[in-house]
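This report concerns only the one structure given below.
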Amino acid sequence: MFGPLVRVQVADAPVVVPARRKLRWPAEVEDRRLVVGDRVTLEGKPPQMVVAGVEARRTTLTRRSPGERRQRVIAANVDQAVVVMAAATPEPNARLLDRLLVACHHAGIEPVVCFNKIDQGTQAIDAWIGDYQDAGYEILLVSARTSRGVGGLTRRLVGRTTLFCGPSGVGKSALLNAIHPGYRLREGSISEATGKGRHTTTTAQLLPLPGSGFVVDTPGIREFGFWDLRSEALQRFFPDLQRAAAECGFANCTHVGERSCAVRAAVEGGRLSVRRYTSFLKLREELAEAGTA
């Protein structure tokens, strides 16, 4: 009759209760597995409460399950995502950053770009951080170790449900501990052999913020495959490229060989980042190949 135990935030306190094996799900939900951020219906009175149903998901952040052709829901009902990269170590990965930003846009989640560890210097990102500022993204430069910028980040979270995502070792857990020391999350380290972070967070978890709001701490991401994203829709999720594309001579412009392409003109004129343009083309090619596989 009952399934696994589930931690549910009820008012100001978490409770651990069993879930019914056959939950009531909204008809539109395809992946019927409980995920962090799900809003649920409880039945019974303490201490005999059970999870009986799941409410409709307002937003759903998904990815392709690594090595498989099925979706994995990362989190539900998230308002915004703080996409965290390290300013120096591990080496910031602009291609992964682009993927995560696209995934947020596709899910209807507002992304914020956050570079942690700026106490180590910003030489590794100085050449391309402006690409994201030009695209219109909010950029936060912070240091969990010195607390620089943490106040501004904390104010950005109040009253909202915010997902923290990014590669292992960039300091997501350290940032959350700096925001609220009461979390006491285990913090990771960097492998001397690979220069990459070691996993410390193994499952996503919802944490209440003092005052109002929630944060979602997620495991580190080394790669990110898209789910249910068509190649022809990708342009909408590159806001800088989309703005330039509005001036193209053809509505179905591929932005590769057309003479009246405003996107290529913007790249050649220095108004659109070559790196972002190249990233868009590579992702579109990947999605087109996946769609025909």
Side-chain angles (χ1 to χ4, degrees), residues 28 30-31 57-66 69-74 78-83 85 92-115 125-139 163 165-166 221 223-293:
E28 68 272 15
E30 297 180 7
D31 190 333
R57 291 168 174 167
R58 183 168 43 81
T59 61
T60 305
L61 183 63
T62 62
R63 65 182 294 192
R64 183 184 294 270
S65 189
R69 289 190 62 84
R70 66 179 181 88
Q71 75 169 340
R72 175 185 297 178
V73 179
I74 299 172
V78 172
D79 299 310
Q80 63 181 352
V82 176
V83 184
M85 291 283 158
N93 186 334
R95 288 287 169 83
L96 179 58
L97 175 56
D98 287 341
R99 285 177 175 271
L100 294 174
L101 293 174
V102 167
C104 290
H105 287 303
H106 185 225
I109 297 168
E110 180 185 0
V112 176
V113 179
C114 177
F115 290 99
I125 61 174
D126 284 342
W128 49 267
I129 189 173
D131 295 348
Y132 297 94
Q133 293 170 324
D134 293 343
Y137 291 108
E138 180 178 357
I139 309 293
L163 180 136
C165 61
I221 296 171
E223 59 183 35
F224 193 99
F226 296 113
W227 180 261
D228 192 29
L229 176 59
R230 299 179 64 84
S231 60
E232 56 267 28
L234 181 64
Q235 174 179 300
R236 301 202 310 269
F237 308 131
F238 274 74
D240 40 356
L241 189 139
Q242 175 78 335
R243 287 195 296 271
E247 303 298 325
C248 285
F250 301 98
N252 60 347
C253 184
T254 66
H255 315 310
V256 176
E258 294 88 346
R259 290 185 179 180
S260 56
C261 177
V263 169
R264 291 179 59 232
V267 173
E268 292 167 3
R271 300 184 303 278
L272 179 63
S273 160
V274 174
R275 194 201 57 76
R276 286 275 289 171
Y277 171 68
T278 303
S279 179
F280 163 76
L281 293 179
K282 288 182 178 295
L283 286 178
R284 188 176 64 180
E285 181 181 2
E286 175 188 316
L287 290 170
E289 291 177 352
T292 58

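Note: hydrogens, waters and symmetry copies are ignored here, and every other heavy atom, side chains too, is used. Bear in mind that the values here come from a model prediction, so they are computed numbers and not experimental data.
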Count the heavy atoms of every other residue, nucleotide or ligand shown that sit under 6.0 Å from CD of E138, and state whether that count exceeds 12.
yes
Any carboxylate oxygen within less than 4.0 angstrom of a Lys/Arg side-chain nitrogen, looking at R275 and D98?
yes
Let me see the working for Y277 and R264 under side chain to side chain contact (heavy atoms under 4.5 Å, CB included), right down to the final yes or no.
CA-CA 9 Å; Y277 171 68; R264 291 179 59 232; 3.6 Å; yes
For L163 and I109, run side chain to side chain contact (heavy atoms under 4.5 Å, CB included): C-alpha distance rounded to whole Å, both residues' side-chain angles, the deciding distance at 0.1 Å, then the answer.
CA-CA 10 Å; L163 180 136; I109 297 168; over 6 Å; no
Just verifying a value: how many Å separate H106 NE2 and L234 CG, rounded to the nearest 0.5 Å?
10.0 Å
pair D31-T62: side-chain heavy atoms closer than 4.5 Å:
no
Using side-chain heavy atoms (C-beta onward) and a distance below 4.5 Å, is W128 in contact with I125?
yes
Provide the closest heavy-atom pair for R243 versus G136 in the form atom of the first, atom of the second, distance.
NH2-N, 4.5 Å
Got a sec, which residues hit side-chain hydrogen bond (donor to acceptor under 3.5 Å, both in side chains) with T59, two or more places apart in sequence or on another chain?
none
My understanding is that only residues two or more places apart in sequence, or in another chain, count here; which of them pass salt bridge (charged side-chain N to carboxylate O under 4.0 Å, His left out) with R230?
E232
Indicate yes or no: at least one non-hydrogen side-chain atom of V274 is less than 4.5 angstrom from one of T278.
yes
Heavy-atom pair with the smallest gap, counting every atom of G166 and L100
CA-CD1, 4.2 Å
Results of salt bridge (charged side-chain N to carboxylate O under 4.0 Å, His left out) for D228 - residues two or more places apart only:
none
Please give me the minimum heavy-atom distance between A103 and F226, naming the atom from each residue.
N-CE2, 4.0 Å
Note, D134 side chain near D240 side chain (heavy atom, < 4.5 Å):
no
How far apart are the C-alpha atoms of R63 and I221, what are their side-chain angles, what is the distance that settles it, and do they pass the side chain to side chain contact (heavy atoms under 4.5 Å, CB included) test?
CA-CA 11 Å; R63 65 182 294 192; I221 296 171; 4.3 Å; yes
Flag the pair R284 / L287 as yes when at least one side-chain heavy-atom distance between them is below 4.5 Å, and no otherwise.
no
Side chains of I129 and I139: closer than 4.5 Å at any heavy-atom pair?
yes
So how far is it from C165 SG to M85 CE, rounded to the nearest 0.5 Å?
8.0 Å
Mind listing the closest non-hydrogen atom pair of A262 and A244 along with its distance?
CB-O, 3.3 Å
Rounded to the nearest 0.5 Å, how far apart are CZ of R64 and CZ of R72?
12.5 Å
side-chain hydrogen bond (donor to acceptor under 3.5 Å, both in side chains) against Q242, all qualifying residues, sequence neighbours excluded:
Q235
Where do V78 and Q80 come nearest, in terms of heavy atoms and distance?
CG1-O, 3.0 Å
Are Y132 and L101 side-chain neighbours, meaning at least one heavy-atom pair lies under 4.5 Å?
yes
Kindly compute the distance separating CZ (F238) from CG (L272), expressed to the nearest 0.5 Å.
10.0 Å
Does R58 pair with D79 as a salt bridge, N-O distance under 4.0 Å?
yes
List in chain and number order the residues that pass ring-ring contact (aromatic ring centres under 6.0 Å, His included) with Y137, two or more places apart in sequence or in another chain; answer none if no residue qualifies.
H105
For H255, what residues pass the ring-ring contact (aromatic ring centres under 6.0 Å, His included) criterion, not counting sequence neighbours?
none
Please indicate whether Q133 has more than 12 foreign heavy atoms, meaning atoms of other residues, nucleotides or ligands, lying under 6.0 Å from its CD.
yes
Could you measure the distance from the CD atom of E28 to the CZ atom of R57? Nearest 0.5 Å is fine.
10.0 Å
